[in-house]
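As structure tokens, the structure follows; a few thoughts come after it.
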2 protein chains.
Amino acid sequence: MESSTTSGGTSRREATRQKLYEAAVTLIAEQGFSATTVDEIAERAGVAKGTVYYNFASKSVLFEELLRHGVGLLTASLREAAESTARGGGSKVDALDAMIRAGLVFIDRYPAFTQLYVAELWRTNRAWQSTLMVVRQEAVAVVEGVLREGVAGGEFSEEIDVPLTAAALVGMVLVAALDWKSFQPERSLDDVHAALSRLLQGRVSGRR
Amino acid sequence: MESSTTSGGTSRREATRQKLYEAAVTLIAEQGFSATTVDEIAERAGVAKGTVYYNFASKSVLFEELLRHGVGLLTASLREAAESTARGGGSKVDALDAMIRAGLVFIDRYPAFTQLYVAELWRTNRAWQSTLMVVRQEAVAVVEGVLREGVAGGEFSEEIDVPLTAAALVGMVLVAALDWKSFQPERSLDDVHAALSRLLQGRVSGRR
DNA sequence: CTTTTTGAACTGACTGGTCAGTGCAAAAAC
DNA sequence: GTTTTTGCACTGACCAGTCAGTTCAAAAAG
């Protein structure tokens, strides 16, 4: 009998892994990797501890695969946003704006993953450091790409520092969104998006 | 023997506490709170384990006081930056710019503390949650204050969302600076500051 | 004499990881 | 069509190691 569950995951095994991801992501976001026990993850996922080790080689491996899984979703979403404005013949600012929205949508849907990711990104000497770097670069590269195209097309100043500006834009969205979810969760996404758009387009200090 | 070190600390006890702060901040930044052992902290600080517990009630308390200590330095620095431009009769954009620089200087000097702070800020259900919130608000309030004054004085649009814009600005500096220290540490502070200034003043998408 | 530090031994709770065994649905055998 | 076998997915008690925190006598510092 084929399990009639939702997303792509077919086998029973895949469903279990998904449950483990979901359990792990919230617990680790709240408490951090080291403070989260495998027993907790298993309990929250509703499986036995042995099942965790049947599906993942170790606690670290579970975490690494979770990172890959999550950032994969984000990267795909950013690319989609950038491309859809390109198809419509929009400017690069429009593309950036669409990516800001995509970032907000992602954080809105997966706040725990975002928390966890930010908390680990700048650590050093950790086992999954290289994984983290790879996935980070995949995501930031999308933003950098749009900036470079904008410079090439004359839309952006040639003086801008592409990697640094990309990092700053990502940071702007990241921190604003985390603050939104943490401290003003009642606000709408459109609202937050509008505020960030304004900042992006320099309409903060501009008079009219 | 009086240690001829820098900051205010007078008594012998204070010097020991300072050593413990310094040891703890780097270790926790690298590994996280839970993964860092008290034995490690004592060893790195060059004191006996008993000394840690003579000076701090617990590992958590040591960490909380470390947080207060660190953010206190940052807040003072931000306030100083904002006030010094105000004395010179500068605009509010100048004040923001000076605060961006102050933030960069702080992160340049205490990168480990910044890492650790970011890693903990959006967590939930942790013992030091309230401490974290208090010190966060102290720092962000300085930025918000400048934005409000700018709106009141007609320099900034009345449409801006003060808390959210403040968070976004902080995020911009934070992430750009952490990326700088992590991935391009050879760049100069002035360089990074210039790139962020440009972004702040909307001279990215602006043609000229 | 008082304050602070030392250092090593100890405890008790907790944790990552293991492994022999269970359940069960589909395939194979008859 | 009934019985037997297979092997994947899962279970949960168990183990060996780790760590925060305690204790305390004695030494160093002032």
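Convention: sequence-line order gives letters A, B, ...; per-chain numbering from 1.
Sequence neighbours left out, the pairs with a member in residues 19-49 of chain A that pass ring pair (Phe, Tyr, Trp, His ring centres under 6.0 Å) are A:Y21-A:F56, A:Y21-A:H69, A:F33-A:F63, A:F33-A:W128. Residue pairs satisfying the salt bridge (Lys or Arg N to Asp or Glu O under 4.0 Å) criterion with at least one member in residues 16-28 of chain B, sequence neighbours excluded, are listed as follows: B:R17-B:E65. Applying the ring pair (Phe, Tyr, Trp, His ring centres under 6.0 Å) test to every pair with at least one member in residues 79-107 of chain B, sequence neighbours left out, gives these pairs: B:F106-B:Y110.
Considering only residues two or more places apart in sequence or on other chains, A:D97 meets the salt bridge (Lys or Arg N to Asp or Glu O under 4.0 Å) condition with none of them. With sequence neighbours excluded, the residues forming a side-chain contact (heavy atoms from CB on, under 4.5 Å) with B:A29 are B:A112, B:Q115, B:L116, listed by chain and number. Residues satisfying the salt bridge (Lys or Arg N to Asp or Glu O under 4.0 Å) test with B:R101, not counting sequence neighbours, are B:D190. For A:R109, there are no side chain to side chain donor-acceptor pair (under 3.5 Å) partners two or more places apart in sequence or in a different chain. For B:W122, the side chain to side chain donor-acceptor pair (under 3.5 Å) partners are A:D179, not counting sequence neighbours. Residues satisfying the side chain to side chain donor-acceptor pair (under 3.5 Å) criterion with B:R123, sequence neighbours excluded, are absent altogether.
The stretch residues 49-67 of chain A touches DNA chain C through A:K49, A:Y53, A:S58, A:K59, each having a heavy atom within less than 4.0 Å of the strand. Listed in residue order, the members of residues 27-44 of chain A having a heavy atom less than 4.0 Å from DNA chain D come to none.
If one axis is set at each end of the helix from C:dC1-D:dG30 to C:dC30-D:dG1 from five pairs, those axes are 20° apart, to 10°.
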